[in-house]
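Heavy atoms only: backbone and side chains are in, while hydrogens, waters and symmetry mates are out.
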Amino acid sequence: AHVSLLQCTYQNTMDKNFQEEPCTGVIKFTPPLYKQRYQFVKDLVRKYKPKKVADLGCADCTLLWMLKFYNCIEVLAGLDICASVMKEKMHRLYPLPADYLQPSERSLTVTLHHGSVAHEDPCMLGFDLVTCIELIEHLEESELEKFPEVVFGFMAPTMVVISTPNSEFNPLLPGVTVFRHQDHKFEWDRAQFQSWALDAAKRYGYSVEFTGVGNPPTGMEDVGFCTQIAVFVKKYPQTSEPAQSKKPTEAAYKTVMFCMFLHVVKVFRAVYPSLKDEKYLQNAVVSEVMFTAHAIKRSLLDHLVSEQEDSNDDPTERKLQLQRSVNCFSEDLETLAVEKSTEPLTNGSVVYIPLRKIFSFPKVNQLCGTFEKLRKLITGKVTLTSDGSAVVLDTDHENEEN
């Protein structure tokens with residue numbers, strides 16, 4: 001019999017995430033069941049590294065907030081029928097101060113939409129992964145009928161993850177008589193869910209595997225997972241954009257609006273600072289160049305001071321020797337010396353740090369890629385020699401300290 005890779009992944013966790021209170025008989029999952037569902041999605045993201053992810057029925061945006069920390073993701077979108085629930089915690093999706101201080105190499109845009117999963121909207125096209133975590137059981141019958149066409153037919157992502165309660169587990173949950181939540185319109189057993197999923201997969205060209213989270217107690221494994229999960233993968237690479245080739249439909253969703261202040265209304269669309277944006281890249285390069293140049297300068301001056309202290313000459317002679325070492329070349333030969341040297345040079349109260357020396361440092365090299373790009377990014381932002389071959393720094397402040 002075929003055993004899916006997904007089932008193999010989670011089979012060895014049996015009983016590790018389940019506890020039963022001995023006195024009350026109350027079942028407790030460790031970690032909590034909702035965290036296990038989110039962890040399942042995060043594991044898939046870590047494995048398959050999708051660039052564009054949409055969470056349908058995103059509710060309070062918790063999963064989106066977790067996924068924004070994965071560097072492979074460049075676009076995150078959330079959709080929910082209840083705008084007020086999204087608004088409660090969507091502030092967590094905004095960039096943090098640290099994101100501006102140290103911009104990421106990737107770009108990231110996060111958008112929230114208010115609408116129904118039963119409606120097609122062009123803004124939900126082009127995603128690699130679509131998640132529907134505990135969503136379908138909240139849909140009315142008419143919405144559930146349209147759901148496969150919207151998700152698998154219109155959106156047609158590479159991968160779809162759908163989780164839903166397993167009704168076979170319900171007798172083990174104290175207090176559950178019909179459904180686990182008052183808003184649930186139905187709850188399927190494994191046969192019902194798998195029949196529905198296999199039919200959708202066959203109609204729209206997907207393969208599907210079944211697994212779940214929330215293991216049953218020892219000896220009751222026949223009821224299956226508390227939460228059943230289907231993972232759909234598109235069988236054939238998309239060579240064209242059939243959904244996008246249709247005549248554009250009127251937008252079915254509204255981008256969530258909110259008031260940052262009482263008199264200001266903005267569209268929720270968080271664009272994170274990225275080194276792909278030349279403005280942020282230039283700031284990062286200038287900062288790193290100046291940090292590196294000052295570190296080189298301090299090392300040079302410390303070395304000169306150390307040489308003085310090791311000398312046995314009298315103070316007057318030491319002063320003359322330092323002056324000779326500082327004025328190591330004339331102004332006429334200055335440009336030639338800097339161009340040919342990869343080591344820092346001094347002339348009076350000025351230190352010249354060759355750009356080639358700075359470019360050899362891994363962080364600077366990684367940020368710029370080429371020497372020409374380094375020079376282009378710092379020109380006008382950093383004091384350079386007339387020929388642009390070296391960074392010019394003043395030693396007066398360091399001399400006063402020494």
S.K.: Treating Asp99 as the side-chain partner and Leu96 as the backbone partner, does any N or O pair qualify as donor plus acceptor under 3.5 Å?
M.R.: yes
S.K.: Would you please classify the geometry between the Phe193 ring and the Phe210 ring as parallel, tilted or perpendicular, with 30° and 60° separating the classes?
M.R.: perpendicular
S.K.: Rounded to the nearest 0.5 Å, what's the gap from CD on Glu74 to NZ on Lys51? Could you check?
M.R.: 5.0 Å
S.K.: Is there a side chain to side chain donor-acceptor pair (under 3.5 Å) between Asp55 and Thr131? Walk through the geometry before answering.
M.R.: CA-CA 5 Å; Asp55 184 27; Thr131 60; 2.8 Å; yes
S.K.: What heavy-atom pair brings Val223 and Glu168 nearest, and what distance separates the two atoms?
M.R.: O-CB, 3.6 Å
S.K.: In the structure I gave you, are the side-chain heavy atoms of Leu129 and Thr158 within less than 4.5 Å of one another anywhere?
M.R.: no
S.K.: Within the distance-only criterion (no hydrogens, no angle test), does the side chain of Glu221 pair as donor or acceptor with the backbone N or O of Gly219 below 3.5 angstrom?
M.R.: yes
S.K.: Decide yes or no on side-chain contact (heavy atoms from CB on, under 4.5 Å) for Tyr352 and Thr346, but give the supporting numbers first.
M.R.: CA-CA 6 Å; Tyr352 299 90; Thr346 60; over 6 Å; no
S.K.: Between Tyr70 and Lys49, does a side chain to side chain donor-acceptor pair (under 3.5 Å) hold up when you go through it step by step?
M.R.: CA-CA 9 Å; Tyr70 287 79; Lys49 295 178 171 50; over 6 Å; no
S.K.: If you round to the nearest 0.5 Å, how far is NZ of Lys376 from OG1 of Thr370?
M.R.: 9.5 Å
S.K.: Does the pair Asp43/Arg46 count as a salt bridge with the N-to-O cut at 4.0 Å?
M.R.: yes
S.K.: Could you go through Lys68 and Leu76, starting from their C-alpha distance and side-chain angles, then the distance that decides it, and tell me whether this counts as side-chain contact (heavy atoms from CB on, under 4.5 Å)?
M.R.: CA-CA 7 Å; Lys68 79 170 190 173; Leu76 275 175; 3.8 Å; yes
S.K.: Report the distance from atom OG of Ser287 to atom CD of Gln102, rounding to the nearest 0.5 Å.
M.R.: 9.0 Å
S.K.: In the structure I gave you, are the side-chain heavy atoms of Cys61 and Lys89 within less than 4.5 Å of one another anywhere?
M.R.: no
S.K.: Taking the side chain as everything from C-beta on, heavy atoms only, tell me whether Ile378 gets closer than 4.5 Å to Leu355.
M.R.: yes
S.K.: Any idea which heavy atoms bring Ile73 and Val53 closest together, and the distance?
M.R.: CD1-CG2, 3.9 Å
S.K.: Taking everything shown except Trp188 itself, do over 12 heavy atoms lie less than 6.0 Å from its CH2?
M.R.: yes
S.K.: Return the CH2 to OG1 distance between Trp196 and Thr164, rounded to the nearest 0.5 Å.
M.R.: 8.5 Å
S.K.: State whether Phe371 and Arg356 meet the cation-pi test: NZ (Lys) or CZ (Arg) under 6.0 Å from the six-membered ring centroid, and within 45° of the perpendicular axis.
M.R.: yes
S.K.: Any chance CD of Glu141 has more than 12 other-residue heavy atoms, nucleotides or ligands included, within less than 6.0 Å?
M.R.: no
S.K.: Indicate yes or no: at least one non-hydrogen side-chain atom of Phe147 is less than 4.5 angstrom from one of Cys132.
M.R.: yes
S.K.: Between Asp302 and Arg298 (salt bridge meaning N to carboxylate O under 4.0 Å), is one present in this structure?
M.R.: no
S.K.: Examine distances only and state if a side-chain atom of Arg375 and a backbone atom of Gly388 form a donor-acceptor pair shorter than 3.5 Å.
M.R.: yes
S.K.: If you measure from CG on Leu125 to CD on Glu120, what distance do you get to the nearest 0.5 Å?
M.R.: 8.5 Å
S.K.: Taking the side chain as every heavy atom from C-beta outward, state whether Phe152 and Arg203 have any pair of such atoms under 4.5 Å apart.
M.R.: no
S.K.: Do the side chains of Glu137 and Lys185 get close enough for a salt bridge, i.e. N-O under 4.0 angstrom?
M.R.: no
S.K.: Flag the pair Arg180 and Glu134 as a salt bridge only when some basic side-chain nitrogen lies within less than 4.0 angstrom of an acidic carboxylate oxygen.
M.R.: no
S.K.: Might you work through the side-chain contact (heavy atoms from CB on, under 4.5 Å) test for Thr385 and Val392, ending with a clear yes or no?
M.R.: CA-CA 6 Å; Thr385 54; Val392 180; 3.7 Å; yes
S.K.: Check whether Ser299 reaches the backbone of Ala295 with its side chain - one donor and one acceptor, N or O, closer than 3.5 Å.
M.R.: no
S.K.: Using a 3.5 Å distance criterion without hydrogens, assess whether the side chain of Tyr272 forms a donor-acceptor pair with backbone atoms of Tyr94.
M.R.: yes
S.K.: Do the non-hydrogen side-chain atoms of Ile229 and Val213 ever get within less than 4.5 Å of each other?
M.R.: yes
S.K.: State whether the side chain of Ser167 and the backbone N or O of Asp189 hold a donor-acceptor pair below 3.5 Å, judged by distance alone.
M.R.: yes
S.K.: Search all heavy atoms of Ile162 against all heavy atoms of Phe232 and return the closest pair with its distance.
M.R.: CD1-CE1, 3.7 Å
S.K.: Within the structure provided, determine whether Leu67 and Val45 are in side-chain contact (heavy-atom separation under 4.5 Å).
M.R.: yes
S.K.: Keeping the roles fixed (side chain from Gln36, backbone from Gly214), state whether a donor-acceptor pair exists under 3.5 Å.
M.R.: yes
S.K.: Just wondering, do Glu343 and Pro354 contact through their side chains at under 4.5 Å, heavy atoms?
M.R.: no
S.K.: Evaluate Phe127 against Val75 for side-chain contact (heavy atoms from CB on, under 4.5 Å), listing each step before the verdict.
M.R.: CA-CA 8 Å; Phe127 287 91; Val75 175; 4.1 Å; yes
S.K.: Check each of Val382, Ile296, Thr383, Ile353 against Leu393 using the side-chain contact (heavy atoms from CB on, under 4.5 Å) test, and report the only one that passes.
M.R.: Ile353
S.K.: Ala284 and Leu367: which non-hydrogen atoms are nearest, and at how many Å?
M.R.: O-CD1, 4.0 Å
S.K.: Considering non-hydrogen atoms only, spot the tightest contact between Val161 and Leu44 and give its length.
M.R.: CG2-CD1, 3.4 Å
S.K.: Are any side-chain N or O atoms of His184 and backbone N or O atoms of Phe186, one a donor and one an acceptor, separated by less than 3.5 Å?
M.R.: no
S.K.: Just how far is it from atom OG of Ser389 to atom NZ of Lys357, taken to the nearest 0.5 Å?
M.R.: 15.0 Å
S.K.: Among Glu149, Lys235, Lys234, whose side-chain hydrogen bond (donor to acceptor under 3.5 Å, both in side chains) with Tyr204 holds?
M.R.: Glu149
S.K.: Can you give me the closest heavy-atom contact between Gln228 and Asn166, atom names plus distance?
M.R.: NE2-CA, 3.5 Å
S.K.: Let's go through Arg37 and Thr227 carefully: what are the C-alpha distance in whole Å and the side-chain angles of both, what is the deciding distance for side chain to side chain donor-acceptor pair (under 3.5 Å) to 0.1 Å, and is it a yes or a no?
M.R.: CA-CA 8 Å; Arg37 290 191 285 260; Thr227 293; 2.9 Å; yes
